[in-house]
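Small disclaimer: the values here were computed from a predicted structure and weren't measured. To find a chain, count down the sequence lines: A is the first, B the second, and so on, and within it residues start at 1.
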There are 2 protein chains.
Amino acid sequence: MNKNTTTAQRGRPAKSGRNSSQTKQALVQSGVEYFTEFGFASSGLDKILKKVSVPKGSFYHYFASKEAFGIAVIQEYSRYFAKKLDLHLLNEAIEPLQRIENFADDAKAGMSRHHFKRGCLIGNLEQEVTLLPESHRQLLLDTFELWQSKIACCLQLAQRTNAINGSLDCNTLANFFWMGWEGAIAKSKLTRDLTPIETFMVSFLQLIVK
Amino acid sequence: MNKNTTTAQRGRPAKSGRNSSQTKQALVQSGVEYFTEFGFASSGLDKILKKVSVPKGSFYHYFASKEAFGIAVIQEYSRYFAKKLDLHLLNEAIEPLQRIENFADDAKAGMSRHHFKRGCLIGNLEQEVTLLPESHRQLLLDTFELWQSKIACCLQLAQRTNAINGSLDCNTLANFFWMGWEGAIAKSKLTRDLTPIETFMVSFLQLIVK
DNA sequence: TTATATATTAGACCGATCGTCTATTTAAAT
DNA sequence: ATTTAAATAGACGATCGGTCTAATATATAA
């Protein structure tokens with residue numbers, strides 16, 4: 001399925017020099033960036049294509065529709081973000097609650113790096129859900145569920161080491177965490193600084209620690 | 001400034017039979033509904049006008065631009081929502097924390113009534129801020145500040161009656177509240193049910209009570 | 001009555017997309 | 001040489017964006 005880079009390919013060669021799967025990947029990456037900054041409806045294929053120097057005529061060679069493209073974009077971001085979460089939340093060298101803080105610091109750096117224009121793709125599309133195809137909605141729900149389980153896991157660890165109140169339900173708390181998190185990211189886009197995220201994290205941790 | 005309904009007016013009469021300020025108000029109301037459901041960028045003037053039977057040609061008689069119209073819409077919603085907040089949060093017949101719950105119940109009813117398609121105009125536009133004129137951004141910030149002060153006030157009351165932990169900073173907590181709230185409303189749009197809001201409220205109250 | 005001021009509307013402007021599709025080009029495989 | 005596959009060119013028609021000028025309809029003033 002994946003053509004490697006050196007093997008010659010049949011058919012007209014890509015202007016960009018990339019092979020099929022590389023081009024597809026580049027398009028998805030460009031889509032992630034545009035959809036994260038401007039949302040699905042307000043992002044035109046033209047610009048997404050131009051950013052990676054893929055001609056407009058090629059789009060429907062790579063994807064069946066904008067909707068199908070959106071699915072690939074969401075899945076890619078979901079994968080990327082889950083990996084980032086694991087990187088921090090499964091780091092056994094660090095105490096559970098500190099792992100969550102490390103993740104937050106990582107995300108904060110990303111917010112600054114993109115000048116508070118991007119935020120979280122999933123959170124952004126969530127707001128836009130009334131304009132989205134139904135297929136996207138389900139993907140967003142699945143993604144949140146996955147993220148929630150990862151945070152819940154980490155909170156359970158913290159609970160076992162007695163770092164947080166034992167009476168709290170970690171799944172509920174993780175759900176609560178992500179709602180607040182997305183709210184904080186959105187607010188941070190509005191204020192154009194990190195204080196909302198910091199306020200959220202400090203308050204959240206303060207409220208749950210024993 | 002306000003023409004009353006009975007006095008005859010100069011100029012061509014409005015097709016709708018409304019006077020100038022009534023038409024303006026109707027347009028703003030329609031704008032609230034569209035912007036809340038679809039956002040600013042994805043809401044066309046055409047539909048906003050059609051909904052209240054105002055001809056397209058009339059728009060620039062009532063507003064200088066779409067941006068100016070947006071400002072009026074945000075201000076109207078902000079006013080409307082502040083009033084709703086006061087209605088609950090200043091109700092001295094009710095205990096402070098219960099007032100917040102009453103507000104939440106009110107909002108939940110609104111979410112259901114509109115089939116989870118609308119949510120909060122301010123929160124929706126907040127996500128869209130990269131597509132918004134700068135004038136709108138400041139209005140959104142001001143609105144959040146106002147709302148925050150109202151919740152902070154109510155939390156201070158709860159603190160005085162010893163209902164919540166005295167060591168918590170009510171302003172910070174109010175800030176935290178609204179971030180979580182907006183996240184919960186967004187999630188509720190996604191799931192199309194009230195559980196996110198309920199989960200948020202239960203968790204929030206559980207975490208802050210003594 | 002006529003002229004003027006004001007309020008509202010008609011309707012098109014035109015550029016900018018929008019997502020999509022068919023025909024064509026290029027190159028490898030047969 | 002012919003076939004098959006990959007990628008591109010380029011425009012398609014439709015919609016719709018916000019905006020503007022000219023026309024219309026009424027109240028008031030002369």
> Does anything in residues 43-50 of chain A reach DNA chain C, meaning a heavy atom under 4.0 Å, and if so which residues?
Replying inline: A:S43, A:G44, A:L45
> Charged N to carboxylate O under 4.0 angstrom, B:K108 versus B:D105?
Replying inline: yes
>> In whole Å, I'd like the distance from the NZ atom of B:K56 to the P atom of C:dT9.
In response: 15 Å
Under 3.5 Å, which donor-acceptor pairs do the side chains of residues 41-48 of chain B form with other protein atoms, sequence neighbours left out?
unit_1: B:S43; atom_1: OG; unit_2: B:Y34; atom_2: O; d: 3.2
unit_1: B:S43; atom_1: OG; unit_2: B:G39; atom_2: O; d: 2.6
unit_1: B:D46; atom_1: OD2; unit_2: B:K56; atom_2: NZ; d: 3.3

> Within this structure, what is the OH-to-C1' distance between B:Y34 and D:dG18, rounded to whole angstrom?
Replying inline: 17 Å
> Expressed in angstrom and rounded to an integer, what is the separation of B:F63 atom CZ from C:dT9 atom P?
Replying inline: 13 Å
> For the side chain of B:P55, counting heavy atoms from C-beta on, which of D:dG18, C:dA10, D:dT8 is nearest?
Replying inline: C:dA10
> Relative to the 5' end of DNA chain C, which residue comes earlier, B:F59 or A:F40, by the nucleotide with the nearest heavy atom?
Replying inline: B:F59
> For the pair made of CD in B:E67 and C1' in D:dG17, what is the distance, rounded to whole Å?
Replying inline: 16 Å
> Between C:dA27 atom C1' and A:H61 atom NE2, what is the distance in whole Å?
Replying inline: 13 Å
> Rounded to whole angstroms, how far apart are OH on B:Y62 and C1' on C:dT6?
Replying inline: 12 Å
> Taking only N and O in the side chain of A:S58, is any of them less than 4.0 Å away from OP1 or OP2 of D:dA7?
Replying inline: no
> Who are the ring pair (Phe, Tyr, Trp, His ring centres under 6.0 Å) partners of A:H136, not counting sequence neighbours?
Replying inline: A:F40
>> So, using salt bridge (charged side-chain N to carboxylate O under 4.0 Å, His left out) as the criterion, who are the partners of B:R137 when residues are at least two apart?
In response: B:E134
> Can you name the residues that form a salt bridge (charged side-chain N to carboxylate O under 4.0 Å, His left out) with B:D193, not counting sequence neighbours?
Replying inline: none
> Just wondering, do B:L125 and B:L121 contact through their side chains at under 4.5 Å, heavy atoms?
Replying inline: yes
> How close or far is atom C1' of C:dC18 from atom CZ of A:F69, stated in whole angstroms?
Replying inline: 15 Å
>> What is the separation between atom CG on B:L131 and atom P on C:dT17, rounded to the nearest whole Å?
In response: 13 Å
N/O donor to acceptor pairs below 3.5 angstrom from side-chain atoms of residues 168-182 of chain A, sequence neighbours left out:
unit_1: A:D169; atom_1: OD2; unit_2: A:T172; atom_2: N; d: 3.0
unit_1: A:D169; atom_1: OD2; unit_2: A:T172; atom_2: OG1; d: 2.5
unit_1: A:W178; atom_1: NE1; unit_2: A:W147; atom_2: O; d: 3.2

